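Have a look at the structure below, then the notes.
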2 protein chains.
Amino acid sequence: MPRPRIATIRDVAALAGVAVGTASKALNGQGSLRAETITRVRQAAEQLGFVANAAARSLQTRRTYTVGMITTDTIGRFSIPMLIGVEDALGAGRISVLLCDARDDPIRERHHLEVLLSRRVDGVIVTGRRAGTRPPIDAGPGVPVVYAFLASADPADCSVVPDEAGGAQAVLDHLATLGRRRIVHVTGPAHHHSARVRASVFPDTLYGAWSESWGRQAAAILLARGPDFDAVACGNDQIARGVTDALREAGRRIPHDVAVTGFDNWDVIAEASRPPLTSVDMDLAGLGRTAADLLLQAIAGNPATGTHTHPAHLVIRDSTVATSA
Amino acid sequence: MPRPRIATIRDVAALAGVAVGTASKALNGQGSLRAETITRVRQAAEQLGFVANAAARSLQTRRTYTVGMITTDTIGRFSIPMLIGVEDALGAGRISVLLCDARDDPIRERHHLEVLLSRRVDGVIVTGRRAGTRPPIDAGPGVPVVYAFLASADPADCSVVPDEAGGAQAVLDHLATLGRRRIVHVTGPAHHHSARVRASVFPDTLYGAWSESWGRQAAAILLARGPDFDAVACGNDQIARGVTDALREAGRRIPHDVAVTGFDNWDVIAEASRPPLTSVDMDLAGLGRTAADLLLQAIAGNPATGTHTHPAHLVIRDSTVATSA
DNA sequence: CTCCTCAAGGAAAACGGTTTCCTTGACGCT
DNA sequence: AGCGTCAAGGAAACCGTTTTCCTTGAGGAG
């Protein structure tokens, strides 16, 4: 097969009977051309199925309309909503996303970064979990970076993080409004940054693991400790689900006897619980969108600095407020 | 600030005192050069922090070392492991992934495809869920496409799909080996392709939804129908969890009285169940790796055709075989 | 009838690499 | 001494666009 070589702008120009420069102008609406010429060129392009070579274009324009997204820990449940938000915000500007998974390996991260730089991405979004901050990456001059979810250790960098403390406070306020006074917080490992931040607003905290079985265990501990609690605010939805299961099976009515709340608003867990869980939604998609918007701003020459906090909100379900049904 | 222009190969050549062509050869190990010259050039590159411009390079070599990944339905739980597998297989070949989320919208899909073509990607991986097959995408000549998870409607295209029927059969065999004879299958909506395929090996099926609450409902139905069942094979892990919860609460011992199995091996659900669920693992990461490998083959000039089936395997936990503990 | 202006479009220089082809010496052989 | 061979590296073409600058001819003003 002669492999029908992919059409270039030269082919288009030849077919339309103009010079390549003219064809380029016609396709991009630059310069001053007769309307008839423009349509002639456009038709020729259409006919040949011409699609401009992005590499050639970006060589000239020094813009790639590409951003890199590096997830430092493995890409997982939290990255997805953010990714969707990022895609959403960037897609509108016809910008594509190069996804890199560094898997918590600095070597891999360095490698990915180098690839991104060689591709001359217009910007980089760095995301990840675990610790409270992370060492900034060195993208060199002229390549803006926005950190999402996990802030850069350099406060001058631009970061967007969820308002975890605010979310926890919203839980506390909600429970207080419901008249709950004896509130216990059950959360993940004490060395985990999110656990500590979320716990900071609660007077009484049990640290453990991020799992349902720890939730069940914690409930047992609480029951053994005595019946003097009327609300359990949990560090994530899995713990909350474990707590509700164990309390329910011990005869406690939720929310009548004890109100329970989760964190993350992970629908699969929160909605399947009995009763469904009131939970904090960190709006990760919105956070991703915000990060992408800030990156676009920076690319356009208006870099933002500092750590921005993205609001979380409470989603109220039956585990704190029984529906009249 | 004078913005220290990013170094080009010309700068490197000048610093090393050679011609640009020579610099290129030194950096890529082409042509015949003295060892001393090569190190001199490499040092110059190092010193300037030179990173070759990928756009310029691909213009010449007609390779972009980029593949596009289009998820037709929104990128979700199933895409992630595949994405990781793909990244894994491609990363070894220093190939980057452009991620596109078409959100089940043909217009969006067409748009993304056009972007990918303009970027002259070396190949495309298409993934998605829902139906059994999907209309092939038109990537034009010379751009290989591999369909992952969801096969192309054109049997001549290259697709990789999980062996759902095989997984279901493995469940059936496992239960049979354990001596279970009265097996009921509880699964998702009948119009869902995966539900029907997985159900195909079972004699007795209840269709419903992919949720825990349907699982609980189904268990109630079974209990009402009579006690003549000794195993419930479920269409996914959520249903299985609902079933185990309801059966346990009704006093049935699992696995002693009734064995229960899930499907998908979604750790968060399967391991948190009481008891933990025996489940079918479709090895999505492996599937993604296979798809990527096939794509690499195709890019190298050895395209594979037809629909390939990727084996699933059973992960056995306490919901069918109680541990001696 | 000149001269100027201006719209329309062509020619060519970038952009930053890779690759082909050519030149130059040095060397070995007769 | 003359010739061919070969290693080393330079010069320039090329990849496919965009953009700048230049040319041309037509129309309007004086």
Side-chain angles (χ1 to χ4, degrees), chain A residues 3 5-42 44-45 48-66 94 114-115 117-122 142, chain B residues 3 5-42 44-45 48-66 114-115 117-122 140 142:
Chain A
R3 169 77 76 87
R5 208 176 43 72
I6 208 165
T8 75
I9 200 170
R10 252 167 268 276
D11 304 327
V12 174
L15 181 56
V18 298
V20 290
T22 308
S24 172
K25 289 169 199 160
L27 293 171
N28 299 314
Q30 303 290 331
S32 74
L33 302 180
R34 272 183 306 157
E36 191 270 330
T37 308
I38 295 183
T39 62
R40 192 150 39 89
V41 171
R42 296 230 165 122
L48 296 173
F50 169 77
V51 187
N53 183 321
R57 182 196 310 240
S58 68
L59 201 51
Q60 177 70 13
T61 61
R62 300 162 158 277
R63 279 276 268 132
T64 56
Y65 292 91
T66 307
R94 317 200 127 241
E114 198 149 299
V115 170
L117 291 181
S118 92
R119 289 179 189 275
R120 301 293 190 269
V121 290
D122 296 335
Chain B
R3 167 76 77 86
R5 209 175 44 70
I6 206 164
T8 76
I9 199 171
R10 256 163 263 275
D11 303 326
V12 174
L15 181 56
V18 298
V20 289
T22 307
S24 172
K25 290 169 199 160
L27 294 171
N28 299 313
Q30 303 289 330
S32 73
L33 302 180
R34 271 184 306 156
E36 191 270 330
T37 307
I38 295 182
T39 61
R40 193 150 38 89
V41 171
R42 296 230 165 121
L48 296 173
F50 169 76
V51 187
N53 182 321
R57 186 198 314 254
S58 67
L59 204 50
Q60 175 71 13
T61 61
R62 300 163 157 277
R63 281 275 267 131
T64 55
Y65 292 91
T66 306
E114 199 149 300
V115 171
L117 292 181
S118 92
R119 291 181 188 274
R120 301 293 190 268
V121 290
D122 295 336

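For the numbers below, each heavy atom of this structure counts, side chains included, while hydrogens, waters and symmetry mates do not. Small disclaimer: the values here were computed from a predicted structure and weren't measured. Chain naming here is simple, since letters A, B, ... match the order of the sequence lines and numbering starts at 1 in each.
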Below 4.0 angstrom, which residues in residues 8-21 of chain A have at least one non-hydrogen atom near DNA chain D?
A:T8, A:I9, A:R10, A:G21
From B:T39 atom OG1 to B:R34 atom CZ, the distance as rounded to the nearest 0.5 Å
9.5 Å
A:N53 vs D:dC15: side-chain N/O to OP1/OP2 distance below 4.0 Å:
no
Between A:E36 (CD) and C:dA8 (C1'), how many Å, whole number?
12 Å
Indicate whether OP1 or OP2 belonging to D:dG9 is found under 4.0 Å from a side-chain N or O atom of B:T37.
yes
Between atom CG in B:L59 and atom P in C:dG17, what is the gap in whole Å?
12 Å
At less than 4.0 Å, is any side-chain N or O atom of A:R34 found next to OP1 or OP2 of C:dG9? Yes or no.
yes
Respond yes when some side-chain nitrogen or oxygen of A:T22 is under 4.0 Å from OP1 or OP2 of C:dG9, and no when none is.
no
Can you give me the bend angle of the helix from C:dC1-D:dG30 to C:dT30-D:dA1? Use the axis through the first five pairs and the one through the last five, nearest 10 degrees.
60°
Length of the line joining A:K25:NZ and D:dC21:P, which is rounded to integer Å:
12 Å
On DNA chain D, check which nucleotide each of A:F50 and B:I38 is closest to and give me the residue with the more 5' one.
B:I38
For residues A:F50 and A:I9, report the shortest heavy-atom separation together with the two atoms involved.
CE1-N, 3.3 Å
Rounded at 0.5 Å granularity, tell me how far CD1 in B:I38 sits from CD in B:E36.
10.0 Å
First locate atom OG of A:S58, then atom CG of A:D122, and finally report the distance between them rounded to the nearest 0.5 Å.
9.0 Å
Grab the CG-C1' distance between A:L27 and C:dG9 for me, whole Å please.
15 Å
Between C:dA8 (C1') and A:R40 (CZ): distance, integer Å:
12 Å
Is A:R62 close enough to C:dC15 that one of its side-chain N or O atoms is under 4.0 Å from OP1 or OP2 there?
no
For A:R40 and A:A16, indicate whether the former's side chain and the latter's backbone hold a donor-acceptor pair under 3.5 Å.
yes
Could you tell me how far apart B:N28 (CG) and C:dT20 (P) are, to the nearest whole angstrom?
13 Å
Does one side chain, of B:T66 or A:R119, offer a donor that lies under 3.5 Å from an acceptor on the other?
yes
Is a side-chain donor or acceptor of A:R42 paired with a backbone partner of A:A26 at a separation under 3.5 angstrom?
yes
Once you round it to whole Å, what is the distance between P of D:dG9 and CD of B:Q30?
15 Å
With rounding to the nearest 0.5 Å, note down the distance linking CG in B:N28 to CZ in B:R57.
6.0 Å
Atom CZ of A:R57 to atom P of C:dG17: distance rounded to whole Å?
20 Å
